[in-house]
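If you're wondering where the values come from, they're calculated on a predicted model, not measured in any experiment. Every number for a ligand or one of its atoms is a count from 1 in the order of the listing.
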Amino acid sequence: MKPIKVGLIGLGVVGAGTYSVLERNAEEIRRRAGRAIEIAMVAVRNPARADGVVRAGCEVVTDPNLVVNHPDIEIVVELIGGCDTARELIMKAIANGKHVVTANKALLALHGNEIFAAAQEKGVMVAFEAAVAGGIPIIKALREGLTANRIESIAGIINGTTNFILSEMRDKGIDFATALKEAQALGYAEADPTFDIEGVDAAHKVTIMSAIAFGIPVQFDKAYVEGISKLQAVDIRYAEQLGYRIKLLGIARRTVVGGVEGIELRVHPTLIPAKRLIANVEGAMNAVMVQADAVGTSLYYGKGAGAEPTASSVIADLVDITRLATADPGNRVPHLAFQPNLLTDVAILPMSEITTSYYLRVYVKNRLGVMADLTRILADARISIDAVLQKEPAENATRLDIVMLTHQTQEKNIDAAIAKIEQMETVVGHVVKIRLESLS
Ligand code: HSE
């Protein structure tokens, strides 16, 4: 059989990695796919980037429209990122009847519904394994491996930059700003690290996973997003003393509020018990924990970024498409795991309605009765306390840090209680609130 022709848009780290792995493992990949996969055209803004990467015979162009309009190209691989140009090119490729592979999580989290609908209409595939957790085949696992299950929840460390920063803060006792500088020096964090540290990148990824896990449309606008930039080293230390690690988790979970089904979709720093396997995922590594009714708990671990790990996912999609290109579109795996006409509209809950446990740190004047006042406010709000830690900061003996872990309650209850605590005359500044998940 003739090779399937692929057009690659973008020859950055992942594009070059894809090119090189596809060349290196060409024979192995052909034996799996049933035919050779040939990158016939590469679009790159600076053609000098192609020197030494692209072999003779592969056309190098600067205009990506030449790729999406090329009559012989069957699969377009989009690796330029961003939303505007990438969206335009992907929509053109689909309109031209081409299959698409993309690593673009922001695009799919924001415009996935429109892209999948267009692809469905045209009978083409849009594959995106590389968009979530780099080299970990989590999309395949959720969409196919776990297809027998009712998936209950996903909790993932899906941003390597922030996991590296949190690991450094804990290991070395350094503050956020110092750890961020280290991450930038080592090339983990971007020059503008906002999407990583403010949780946006993780929210894109968990939004995509929530759609596949629960059979709902992608709804990034309803996700709660909180990053790690305000996290203090002292809270990491106290959490550790209580047997917990703080991780930036992307959480998607089915729940029932007042008898009505809802979905929690949230990204925020989270205390998790140090004894959980996922709590021990360190440095820039990623991991996704899935809880489902038949299989129970499963954990997927690996590199969430980098040239070849991400290329591994891009090429897995290329092989899938190569195998299925001639299949009846109705017999292919649906883009979002569920048949497109059977997606449901279970509501994503506002943050005030979610239920979890909490770590609270209250900075107080060291006076008689302060602990009693705090516990009374929580008891009046029917919030039960699980553990208490009292620490005198070295710099001020007349003040105390009181740390409390609560049992589960709704976010609106804890917020109401915090508002009352902050009105106490003995409380200094704001209460630090960090959510806690037992992941049991
Ligand atoms: N910036 C991402 C991370 C990698 O730090 O995990 C690409 O998704």
Side-chain angles (χ1 to χ4, degrees), residues 10-18 77-83 86 101-110 112 127-140 142 154-169 176 179-210 212 218 220 223 225-229 231 246-251 267-270 278 281-289 300-317:
L11 202 61
V13 172
V14 178
T18 300
V77 181
E78 179 275 307
L79 296 174
I80 53 173
C83 276
V101 175
T102 178
N104 195 330
K105 52 238 148 201
L107 180 67
L108 293 179
L110 270 68
F128 49 93
E129 185 64 74
V132 180
I136 306 175
I138 187 64
I139 299 298
K140 190 90 167 172
L142 289 170
I154 294 171
I157 296 173
I158 43 181
N159 182 270
T161 306
T162 45
N163 203 49
F164 173 83
I165 291 172
L166 292 175
S167 300
E168 289 295 285
M169 286 175 76
F176 169 78
L180 172 61
K181 277 202 198 97
E182 235 178 70
Q184 282 171 319
L186 289 167
Y188 288 124
E190 314 282 336
D192 176 0
T194 318
F195 266 32
D196 288 322
I197 62 173
E198 297 306 345
V200 180
D201 176 75
H204 289 149
K205 294 168 181 166
V206 75
T207 297
I208 295 170
M209 288 196 285
S210 71
I212 295 172
V218 286
F220 174 72
V225 190
E226 181 185 322
I228 63 165
S229 59
L231 202 62
I246 299 182
K247 295 289 183 186
L248 183 72
L249 285 192
I251 297 171
V267 171
H268 48 70
T270 315
I278 193 169
V281 171
E282 298 289 11
M285 299 303 282
N286 280 200
V288 181
M289 181 175 152
Y300 308 83
Y301 169 84
K303 289 187 177 157
E308 295 212 351
T310 313
S312 166
S313 288
V314 169
I315 296 168
D317 282 345

Exercise. Which of the atoms of ligand 1 are close to K105, meaning less than 4.0 Å from one of its heavy atoms?
Worked result: 7 (C), 8 (O)
Exercise. Hey, is ligand 1 close enough to Y188 that some N/O pair sits below 3.5 Å?
Worked result: no
Problem set entry | Polar proximity ligand 1 side, N286 side, N/O cut 3.5 Å exclusive | no
For this session: Could you go through the side-chain contact (heavy atoms from CB on, under 4.5 Å) check for I157 and L249 one step at a time?
Result: CA-CA 5 Å; I157 296 173; L249 285 192; 3.8 Å; yes
Seminar exercise, completed: closest protein heavy atom to atom 5 (O) of ligand 1 is T161 OG1, 2.5 Å
For this session: Using the side-chain contact (heavy atoms from CB on, under 4.5 Å) rule, pick out the option among V314, I212, N104 that qualifies with F128.
Result: I212
For this session: Give the numbers and elements of all ligand 1 atoms closer than 4.0 Å to a heavy atom of G160.
Result: 3 (C), 5 (O), 6 (O)
Exercise. Sub-3.5 Å donor-acceptor pair from the side chain of S229 to the main-chain atoms of E198, do we have one?
Worked result: no
For this session: Number the atoms of ligand 1 from 1 as they appear, then name those within less than 4.0 Å of a heavy atom of A305, with their elements.
Result: 4 (C)
For this session: Provide the closest heavy-atom pair for L79 versus A103 in the form atom of the first, atom of the second, distance.
Result: CD2-CB, 3.7 Å
Exercise. Of all the atoms in ligand 1, which lie at a distance below 4.0 Å from a heavy atom belonging to D201?
Worked result: 2 (C), 8 (O)
For this session: Test D201 against K105 for side-chain contact (heavy atoms from CB on, under 4.5 Å), laying out the working first.
Result: CA-CA 8 Å; D201 176 75; K105 52 238 148 201; 3.3 Å; yes
For this session: Assess whether atom CZ of F195 is packed by more than 12 heavy atoms of other residues, nucleotides or ligands within 6.0 Å.
Result: no
For this session: Write out the residue and atom name of the closest protein heavy atom to atom 1 (N) of ligand 1, then the distance separating them to 0.1 Å.
Result: D196 OD1, 2.9 Å
